[in-house]
Amino acid sequence: MGAAMRRIHVGNALSAFGLGFTVPYLYVYVAQVRDLGAVTAGLVLAVFAVAALVVLPFAGRAIVRRGALPVLLAALVTAAVGALSLGLAGSASTVLVSAAVLGAGQAVMQPALATMIVDCSSSETRSRAFAMQFFLQNLGLGIGGLIGGHLVDTSRAGSFTLLFSIEAAMFLVLVAVMATVRLPRAPKIEGAPAGSAKGSWKQLLGNRAMVQLCVLGFVLFFACYGQFESGLSAYGTEAAGISTSTLGTALAANTAMIVVAQFAVLRFVERRKRSRVIAAVGLIWAVAWAVAGYAGLGHGSEAMATAAFVSTYALFGLGEALLSPTVAPLVADLAPEGMAGQYNSAFALVKQLALAVGPAVGGPMGASLHGPYIVTFLLCSLGMTVLAVGLGRRLTPVQNQPSLAQSRVVAQGGAPAEPAPSHA
């Protein structure tokens, strides 16, 4: 791992740390500490999603034209301003504006950092690089949430101001660290006409494999990440009678599975077709939803229901560990030269849409329509498998399995190479 990649991974870990440091406590901060009510607190969480949806289409264009590093530095400064102003805000309007600024900055960091990883890796090393990114992101989120939880005190508004001030300072420190990164000369579109952004989106939409991957990504994020803190937790507490402490244990099991399995499954993933790995994850998550169904709809003991619910989160973690070195590198490998930023931003936009729609659909269903909730998301997981198999037909052999690029068995066009004649 080169010096540039090491700094990029530090950036991934610290940006995730900042997210885990404050976001879990936003609702309490706005509704109770600033006494602005539950409606305003809900709007703040919605503003994060809306801000991301607004800025991500422009982020791709900026990364293509200006490069990933300048865009990342601008996003970090924006996030620092938003975090500091949020910690000082006292009215509903200033809280909402500050949340929008912080959300916009944090949203742009993801595709910028992903594009920098692409610039510093080859198709052969990219899976390992993105696996490390996912590992450090989860580590940063967990540590950030743990430390933030020990700093805050709902009886003292100053503790939250300190929390957001530390986050702002951390983003500025990260600016200094990332400013030292020296990226390889990545291919860029020079002298592009003013209408090139529209052309690049048209080009992206004309890439059938990328469009199908985006559809698959929406289902993936909708059926998994979009349910963690909304529908699945509501289902667990209402249908399975899970306590909040057990819910925390389930989330810890998810993180533990990722930490333990991430690099254990990496060699397995690198030697398999990406479409088949994604299809297998769909089946694993279908089993996870079936186990969740048993936890809430079965007639077992409380201990069995608890074990089943915790196992559901662990199975989701195993799927996440398989996906992290698979999906993000595939987005990069589908992008034409110089367009990785556009493709990363488009996929991040799809992710944000799924994370906005997922809780809105899953929350009410998980709380009241227990049977339909499980059936719906079990079918979504099986739909992932079907979409992944179809995607595999649109990929070139090397896009689907990058390890073939190093094999002498595969010649151009995927045909077996002719053996060299013997002169013995």
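Below, all heavy atoms of this structure are taken into account, side chains as well, without hydrogens, waters or symmetry copies.
Side chain of Tyr225 to main chain of Lys351: no donor-acceptor pair is present (N/O by atom type, distance under 3.5 Å, no hydrogens or angles). Checking side-chain atoms of Gln137 against main-chain N and O of Ala13 turns up no donor-acceptor pair under 3.5 Å. Not a single donor-acceptor pair under 3.5 Å links the side chain of Thr40 to the backbone N or O of Gly37. Ser275 places no side-chain N or O within donor-acceptor distance of the main-chain N or O of Val389, the cut-off being under 3.5 Å. Panel note: side chain Gln352, backbone Ala49; no donor-acceptor pair is recorded below 3.5 Å. Using modelled atom types, one side-chain atom of Arg34 and one backbone atom of Ala89 make a donor-acceptor pair closer than 3.5 Å. Proximity of a side-chain donor or acceptor of Gln399 to a complementary backbone N or O of Leu330 within less than 3.5 Å is not detected.
No more than 12 heavy-atom neighbours from other residues, nucleotides or ligands sit within 6.0 angstrom of CZ on Arg128. More than 12 heavy atoms of other residues, nucleotides or ligands sit less than 6.0 Å from atom CZ of Phe263.
For Leu391 against Gln212, the heavy-atom pair with the smallest separation is N-NE2, 3.1 Å. Residues Arg7 and Met178 approach most closely at O-SD, 3.3 Å, considering heavy atoms. When all heavy atoms of Ala51 and Ala100 are compared, the closest pair comes out as CB-O, 3.5 Å. The two residues Ala4 and Val181 make their nearest non-hydrogen contact at CB-CG1, 4.0 Å. Residues Leu315 and Trp285 approach most closely at O-NE1, 3.8 Å, considering heavy atoms. Among all heavy-atom pairs drawn from Ala104 and Val55, the shortest one is CB-CG1, 3.8 Å.
Trp289 pairs with exactly one of Phe377, Tyr294, Phe309 by the ring-ring contact (aromatic ring centres under 6.0 Å, His included) rule, that one being Phe377.
Here the CG atom belonging to Leu220 is positioned 12.0 Å from the SG atom belonging to Cys214, to the nearest 0.5 angstrom. Annotation: the span from His370 atom NE2 to Met365 atom CE amounts to 10.5 Å, rounded to 0.5 Å.
Inter-residue side-chain proximity for Tyr313 and Thr249 is flagged as unmet; no heavy-atom pair is nearer than 4.5 Å. Contact annotation: the side chain of Phe222 approaches that of Val361 to within less than 4.5 Å [non-hydrogen atoms, C-beta and beyond].
Between the side chains of Ser121 and Arg126, at least one donor N or O lies within less than 3.5 Å of an accepting N or O.
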Show the numbers, then the answer: is there a side-chain hydrogen bond (donor to acceptor under 3.5 Å, both in side chains) between Gln133 and Asn12? CA-CA 6 Å; Gln133 179 202 33; Asn12 274 303; 3.2 Å; yes
